[in-house]
2 protein chains.
Amino acid sequence: MIYQYYERMNTCTTKGAKALRPDLLAGMAEALQALAHADRLRILDVLDRKGSLPVHELVRVTALGQAVISGHLARMRRAGLVRADRKSREVWYAIANPHAVTILDCIRRKGTER
Amino acid sequence: MIYQYYERMNTCTTKGAKALRPDLLAGMAEALQALAHADRLRILDVLDRKGSLPVHELVRVTALGQAVISGHLARMRRAGLVRADRKSREVWYAIANPHAVTILDCIRRKGTER
DNA sequence: ATAATATATTGACATATCATGATATATCAA
DNA sequence: TTGATATATCATGATATGTCAATATATTAT
């Protein structure tokens, strides 16, 4: 099918003959888990657009509670999806894993499909 | 950073000014959840390589229990990731959502990085 | 030291997920 | 119908996740 072929060419050509390593699969499953929440996708989207933001800005922009944002950021930090930098009182967050952006773009494309 | 730029160009250029719609984010979070398990990624990888397989073949290839495979397939079916086709006694599964393959390729690339 | 701001963590509780073994359903063959 | 094969679902308990309010920690200003 044409669409599928295009899809493949558009992303990656590393589908080899070898099965994926179990530890790689486990690691990726963890990263996907950390990604798989509407709030967290939203946070990543904002971070990707702005580059880097302090927590209170994310709270303001998303209108979610401070504890909720902080919890999501902690989860993504543990998974290596985002990185935190304290700047005096504030802690600025940014996306740390380019694959997160790849998947975000995948979602954005879906939003503009057809 | 060069790598990040390449990453973006290689996948999608639809990062617009508008925030992602909440229902789109919720749907994608669900799909990612359905994807986020080492066994399920493994199953999808096999399906992508072979195109389509009956359940007992997936059981044989992955060496996982029949109930486990069946459960994972049901979960992915509900999320629209795979499609099932009964052929007499067997039920053949195939990947139904091209985005799943995009993410798979993303993982494969990680497996061959550097 | 005290207060104010920014962020992180905790506890309680509800809900979702996972693995496993047992059982149920569907299809075909004899 | 009976039996064999292929698949799906169920019941259970263990573990993880999500929410919310409260509290703790860190940093700066007074």
Side-chain angles (χ1 to χ4, degrees), chain A residues 22-23 25-44 46-47 50 52-96, chain B residues 22-23 25-44 46-47 50 52-96:
Chain A
D23 60 319
L25 288 178
M28 285 305 304
E30 249 186 81
L32 288 174
Q33 286 259 37
L35 215 47
H37 190 289
D39 291 348
R40 292 196 288 269
L41 290 174
R42 177 90 193 287
I43 291 171
L44 288 172
V46 174
L47 287 179
K50 310 282 185 168
S52 173
L53 282 179
V55 178
H56 63 90
E57 262 301 292
L58 287 168
V59 171
R60 195 184 61 75
V61 169
T62 63
L64 296 170
Q66 182 266 322
V68 170
I69 292 286
S70 188
H72 285 315
L73 289 172
R75 191 155 185 351
M76 292 195 284
R77 209 173 344 106
R78 283 194 295 271
L81 258 43
V82 299
R83 149 177 40 85
D85 272 308
R86 169 145 246 148
K87 285 179 184 160
S88 86
R89 271 192 258 196
E90 304 172 330
V91 178
W92 288 63
Y93 279 84
I95 294 180
Chain B
D23 59 319
L25 288 179
M28 285 304 305
E30 250 186 79
L32 288 174
Q33 287 260 38
L35 215 47
H37 190 290
D39 292 346
R40 293 196 289 267
L41 290 174
R42 177 89 192 287
I43 291 171
L44 289 172
V46 174
L47 287 179
K50 310 282 185 168
S52 172
L53 283 179
V55 178
H56 63 90
E57 261 302 292
L58 287 169
V59 171
R60 196 184 60 74
V61 170
T62 63
L64 295 170
Q66 182 268 322
V68 170
I69 293 286
S70 189
H72 286 316
L73 289 172
R75 192 156 184 350
M76 292 195 285
R77 210 174 342 108
R78 282 192 298 270
L81 258 41
V82 299
R83 149 177 41 84
D85 272 308
R86 167 146 248 148
K87 285 179 184 163
S88 86
R89 271 193 258 199
E90 305 172 328
V91 177
W92 288 63
Y93 279 84
I95 294 181

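Since the model is a prediction, treat every value here as computed from it, not as a measurement. Every chain is numbered from 1 and lettered A, B, ... according to where its sequence line falls, protein lines coming before strand lines.
- Side-chain atoms of B:Arg42 and B:Leu64, non-hydrogen and from C-beta on, never get closer than 4.5 Å to each other.
- Between the CG atom of B:Leu64 and the P atom of C:dG21 there is a distance of 13 Å, given to the nearest Å.
- Residue whose closest nucleotide on DNA chain C sits further toward the 5' end, between A:Gln33 and A:Arg78: A:Arg78.
- Atom CD of B:Gln33 sits in a crowded spot, with more than 12 heavy atoms from other residues, nucleotides or ligands closer than 6.0 Å.
- In this entry the distance linking CD1 of B:Ile43 with P of C:dC18 reads 12 Å, nearest Å.
- Taking atom CD1 on B:Ile69 and atom P on C:dC18, their separation rounds to 14 Å, with Å as the unit.
- Following rounding to the nearest Å, A:Leu53 (CG) and C:dA6 (C1') show an atom-to-atom distance of 15 Å.
- Ranking C:dT20, D:dT7, C:dA8 by closeness to the A:Ser70 side chain, first place goes to C:dA8.
- At C:dA6, none of the side-chain N or O atoms of A:Tyr93 fall inside 4.0 Å of OP1 or OP2 (strictly under the cut-off).
- Nearest nucleotide to the side chain of B:Arg40, out of C:dC18, D:dA6, C:dT20: C:dC18.
- One cannot find a donor-acceptor pair under 3.5 Å joining the base of D:dA6 and the side-chain atoms of B:Gln66.
- The 5' end of DNA chain D is approached more closely, in terms of each residue's nearest nucleotide, by B:Arg89 than by the other of B:Arg89 and A:His37.
- In the set C:dT7, C:dA26, D:dG18, D:dG18 carries the atom at the smallest distance from any side-chain atom of A:Arg75.
- Summarising the geometry of B:Ile95 relative to B:Leu44, their closest heavy-atom pair is CD1-O, 3.5 Å, with the distance given to 0.1 Å.
- Within 4.0 Å of B:Ser88, counting heavy atoms only, lie sugar-phosphate atoms of the nucleic acid but no base atom.
- Straight-line distance from the CG atom of B:Leu35 to the P atom of C:dT17: 14 Å, rounded to whole Å.
- Remark: C1' of D:dA8 and CG of B:Leu73 are 11 Å apart, rounded to the nearest angstrom.
- Side-chain contact between B:Glu57 and B:Arg60: present, with at least one pair of heavy atoms (C-beta onward) separated by less than 4.5 Å.
- Within the 4.5 Å cutoff, no side-chain heavy atoms of A:Thr62 are placed close to those of A:Val68.
- Between the C1' atom of C:dC28 and the NE2 atom of B:His56 lies a distance of 14 Å, rounded to the nearest Å.
- Whole-Å rounding puts the A:Arg60 CZ to C:dT7 P distance at 13 Å.
- For the pair B:Ala67 and B:Lys87, both in contact range of DNA chain C, the more 5′-proximal nearest nucleotide belongs to B:Ala67.
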